[in-house]
Amino acid sequence: MSKQAFDSDVLVIGGGPAGSAAAAFLARAGRGVVLLERDRFPRFHIGESLLASTNDVLRAIGADEAVRRAGFTQKWGATFMPVPRAAFDDLLLRHAAASGADLREGHRAIDVAFDADGVTATVRASDAAPAAYSLRARVVIDASGRGALLGRKFDLRVEEPRLANVAVFAHYSGVPRPAGRRAGDIRIVARDDLGWFWLIPISPELMSVGVVLPRAAFRAFAALDHEEVLARAIAETPVVAELLAAARREWPVRVERDFSFGSRAYAGDRWLLAGDAGSFLDPVFSTGVAIALESGLEAAQAVEEGIARGDLSARSFRRFSRRQRQRYLSFRRFVIGFYTPEFRDLFFDDDPPERMYRALATVFAGYWRPSIVTRVWVALFLALARLQKRIGFVPRREAAQREPGSVYSKT
Ligand SMILES: Cc1cc2nc3c(=O)[nH]c(=O)nc-3n(C[C@H](O)[C@H](O)[C@H](O)COP(=O)(O)OP(=O)(O)OC[C@H]3O[C@@H](n4cnc5c(N)ncnc54)[C@H](O)[C@@H]3O)c2cc1C
């Protein structure tokens, strides 16, 4: 087995943003890449608001021009760009193929075996012959999303009990929007049970609307089906109920749960994890696609350097691993904070100090390793949130708005 010829230098499992970014970069660098995607694109995927930092990766893999030409909804603020994910992911997958990756849609990796010289994947094809075959490569990038093929195989997943939330969502038409440049604004509406709504305009007609509820709040709806849960959460949240008064639901209601988790490791001998296959954080700051693209690019760069050096061992990927963990922990502070009253008291403050506001906007645009000055302002914000917990120096929103259904929102 170990002397068997390689089908490609690199095997990439999963054609979401992480896998497409990795495959496009390596193919453009002249490496042989097989990209396996179990579905056929375009396919539905939740996660429609993108951070500004995604533009840097799109440029690095040569997809920026194609994304610009596709004319997704424009957002004029610093941080978010809303997109229909089916179209966005499809564009990136085609870009990877156009860059030279051997794209195989409808081909699912079942398992990966490792030996001293390479990796061998067992693949099942849904409508091609042969239906099952094996593929040999020097190294594998697992970008299989939250299915996490290698994460499960190696038991790497670290649960996040403090983020055990449930998301319930659908697409709606007929939701009123502000006129002009602000029509593409994303709206976050926080509920006093520490849940929150998103309203993301993803096309001129459609709005993605979803609620994220802490598991305890979701349990209060146990007797209801998913349609009723979303309808009840909307009805209980006056700002959202008003916006959706004349709206029509265009999709069945979907539910995702227990989506936040870390990883004990992000790389090993001949393998790397990219995007959700490594770890995923609650969607409140829309970091998913930005992290997926960035980590896909970084995995590809680590592999490229490893092949050039002739070293595809865990040691060779140590820097890659460290960076994935640092980014995860960096955003995690804010995500965990968001589900505490004291963080929200400050986050939804109508008149924050200008420098602090700018510092947070930089981080929430995806730039998680900002300048030292920005870091100091961010650290000050987090310190103030701790102080708020102890002495409540700004008015407590939950205390001031104790009646059920009270909300505050940010666009
Ligand atoms: C409720 C919710 C809301 C979200 N909102 C946002 C948001 O607003 N903004 C944002 O940036 N992110 C958001 N996200 C997260 C975001 O969608 C993900 O982080 C992002 O899709 C990760 O990209 P990926 O490429 O790692 O994985 P995916 O996009 O999941 O892609 C993985 C691909 O791998 C394929 N695959 C899986 N297993 C195999 C296999 N064995 N063989 C071959 N192919 C396989 C799958 O079919 C899939 O196409 C949200 C997530 C949730 C749960």
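As the structure lists them, so they are numbered: ligands from 1, and atoms in each ligand from 1.
The part of A143 lying near ligand 1 is the backbone, judged by heavy-atom distances below 4.0 Å. The parts of A18 lying near ligand 1 are both backbone and side chain, judged by heavy-atom distances below 4.0 Å. Only the side chain of R146 comes within 4.0 Å of ligand 1, judged by heavy-atom distances. Residue contacts with ligand 1, taken as heavy atom pairs separated by less than 4.0 Å, involve A167 solely via side-chain atoms from C-beta onward. The proximity of I13 to ligand 1, defined as any non-hydrogen pair under 4.0 Å, is limited to the side chain.
Residues R232 and V229 have side chains not in contact (no heavy-atom distance under 4.5 Å, counting atoms from C-beta outward). Contact of the R333 side chain with the L382 side chain is registered, since non-hydrogen atoms from C-beta on lie closer than 4.5 Å.
No salt bridge links R59 with E65; every basic N to acidic carboxylate O contact stays at or beyond 4.0 Å. R386 and E342 are not joined by a salt bridge, as no carboxylate oxygen comes within less than 4.0 angstrom of a charged side-chain nitrogen.
Remark: distances from the non-hydrogen atoms of P17 to ligand 1 include one below 4.0 Å.
The backbone N or O of D111 lies less than 3.5 Å from no partner atom in the side chain of K153, so there is not a single donor-acceptor pair. When atom types are taken as modelled, the side chain of S316 and the backbone of G306 share no donor-acceptor pair closer than 3.5 angstrom. For E159 (side chain) and F261 (main-chain N/O), no donor-acceptor pair under 3.5 Å exists by modelled atom type.
Each of the atoms 43 (C) of ligand 1 lies under 4.0 Å from some heavy atom of H107. Atoms of ligand 1 lying under 4.0 Å from at least one heavy atom of F41, given by number and element, are 49 (O). Counting atoms of ligand 1 from 1 in the listed order, those under 4.0 Å from a heavy atom of R85 are 16 (C), 17 (O), 20 (C), 21 (O), 29 (O). Atom numbering of ligand 1 starts at 1 in the shown order; those under 4.0 Å from a heavy atom of R43 are 29 (O), 31 (O), 48 (C), 49 (O). Of all the atoms in ligand 1, the ones that sit under 4.0 Å from a non-hydrogen atom of E48 are 7 (C), 8 (O). Counting atoms of ligand 1 from 1 in the listed order, those under 4.0 Å from a heavy atom of G145 are 27 (O), 30 (O), 32 (C). Residue D39 has at least one heavy-atom neighbour below 4.0 Å for each of these atoms of ligand 1: 47 (O).
Under the 30°/60° scheme for interplanar angles, the aromatic rings of F218 and H226 are found to be tilted.
A ring-centre distance under 6.0 Å is not found for W377 and Y357. The aromatic ring centres of W251 and F44 sit less than 6.0 Å apart.
Of the listed options G16, S144, G275, S144 places a heavy atom closest to atom 39 (C) of ligand 1.
From the protein, the heavy atom lying nearest to atom 45 (C) of ligand 1 is R38 CG, 3.8 Å.
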